[in-house]
There are 2 protein chains.
Amino acid sequence: MCHHDSHDSNHNCCSPPSGRIRGFIQPWLLLLLSEEAAHGYQLTDKLNRNEDTKGIDPGFLYRTLRQFEEDGLVKSSWDTEGSGPARRIYEITPDGVEFLHAWAEHIQNTRKRLGRFLKAYSSRFKPHET
Amino acid sequence: MCHHDSHDSNHNCCSPPSGRIRGFIQPWLLLLLSEEAAHGYQLTDKLNRNEDTKGIDPGFLYRTLRQFEEDGLVKSSWDTEGSGPARRIYEITPDGVEFLHAWAEHIQNTRKRLGRFLKAYSSRFKPHET
DNA sequence: GTCATCTATATGAATAAAACATATAATAGA
DNA sequence: TCTATTATATGTTTTATTCATATAGATGAC
């Protein structure tokens, strides 16, 4: 919801929340890490190739990964081989996989809740559609 | 994501975000108001009867309604008739209906995005299910 | 050889939605 | 008159995310 001043004319208020969904990047990160270990910059790349997850803030990414590690969902090690600066390689842990399953279930529930809203909405505004 | 201290043992960390979905109450409010005008306390009641929307914070509710009015999505008038303290009756405006449509579309998109995550998740962990 | 660019990680501060806590007041009933 | 119920409202805090910026090694251009 916007909170502009009343004198702020010609504003683009009154549009639904922006594209990002809260708590949506995290399960994607875990899912990607469940496929193979990776470092932050690599993950940024992969996320940017997906229309649904592109444009991630690097600050958010790296902080999220550190938080995951603090929570035991991933573990990291430095990779100094190869060119360029050192990379912190993240691997998912069994706890991380378990967490991913729980998060997927949560997302499924969320999806159902959105579906129930849409059903109520449709029966109000589009009662004759199939 | 939780941010407890390390000494905070026996915590219930590492569970996906809580039940609430951001920007989910608002479209329900507009949908309810599109069915019939109502005051805040009534809306609280209706929301509490729905498993998906129950437990709303009154502070949040009333502030949201005032914000809607500031944004031209609803208009209000005092109802002093009947028993009990005065009620502020909210009616949805044409702009509010339009906004509800936009929000419903946004929710549909969100639902699709969640579906795409779940599809990727399933193909990683449940590739043999139908 | 030093200057700019790319790769890579990191942190401080700001923002905004939602939650938490509490205040106010009219009325009804015990 | 004291308490509970209905009803609205506001001050403060929390939290996730975004914005801004810092750091530094490696690489290629000139």
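Just so it is clear, the values below take in all heavy atoms, side chains as well, and ignore hydrogens, waters and symmetry mates. First the proteins, then the strands, lettered A, B, ... as listed; each starts at 1.
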Undergrad: Side chain of B:Arg20 only, heavy atoms from C-beta on: which candidate in D:dA9, C:dA8, C:dA19 is closest?
TA: C:dA19
Undergrad: Quick one: A:Ile21 CD1 to D:dT18 C1', roughly how many Å, whole number?
TA: 17 Å
Undergrad: Any chance the side chains of B:Asp71 and B:Gln67 put a donor and an acceptor closer than 3.5 Å?
TA: yes
Undergrad: Round to the nearest Å and state the distance from B:Asp57 atom CG to D:dT15 atom C1'.
TA: 15 Å
Undergrad: Is the distance from OP1 or OP2 of D:dT17 to the nearest side-chain N or O of A:Gln26 less than 4.0 Å?
TA: yes
Undergrad: What's the NE2-P distance between B:His39 and C:dA26, to the nearest Å?
TA: 17 Å
Undergrad: What is the distance from CZ of B:Phe60 to P of D:dG11, rounded to the nearest Å?
TA: 18 Å
Undergrad: Does D:dT6 have its OP1 or OP2 closer than 4.0 Å to a side-chain nitrogen or oxygen of B:Tyr41?
TA: yes
Undergrad: Using a cut-off of 6.0 Å, state whether more than 12 heavy atoms not belonging to A:Lys46 lie near its atom NZ.
TA: yes
Undergrad: How long is the line joining CZ of B:Arg87 and P of D:dT5, in whole Å?
TA: 18 Å
Undergrad: Any Lys/Arg nitrogen of A:Arg63 or A:Glu70 sitting under 4.0 Å from an Asp/Glu carboxylate oxygen of the other?
TA: no
Undergrad: Just how far, in rounded Å, is C1' of D:dT8 from CG of B:Asp79?
TA: 14 Å
Undergrad: Output yes when at least one side-chain N/O atom of A:Arg66 is less than 4.0 Å from OP1 or OP2 of C:dA10, else no.
TA: yes
Undergrad: Say whether, by atom type as modelled, one donor and one acceptor occur between the side chain of A:Asp79 and the main chain of A:Arg88 under 3.5 angstrom.
TA: no
Undergrad: Just checking, any donor-acceptor pair under 3.5 angstrom between side chains of A:His101 and A:Glu98?
TA: no
Undergrad: Whether A:Arg22 contacts C:dA17 is assessed here as follows: a side-chain N or O lying under 4.0 Å from the phosphate OP1 or OP2. Is that the case?
TA: no
Undergrad: Nearest to the side chain of B:Ser83, which nucleotide is it out of C:dT27, C:dT9, D:dT18?
TA: C:dT27
Undergrad: What's B:Gly59 touching, base or sugar-phosphate or nothing? Going by heavy atoms closer than 4.0 Å.
TA: base
Undergrad: Tell me: CG of A:Leu61 to P of D:dT21, nearest whole Å?
TA: 21 Å
Undergrad: Using atom CD of B:Glu81 as one end and atom P of C:dA26 as the other, report the distance to the nearest whole Å.
TA: 18 Å
Undergrad: Hey, is the side chain of A:Arg63 pairing donor to acceptor with the base of C:dG12 inside 3.5 Å?
TA: yes
Undergrad: Compare side-chain N and O positions of B:Arg88 against OP1 and OP2 of D:dT8 and report whether any pair is under 4.0 Å apart.
TA: no
Undergrad: I want to confirm an ordering. Mapping B:Pro85 and B:Tyr90 to their closest nucleotides on DNA chain D, which one lands closer to the 5' end?
TA: B:Pro85
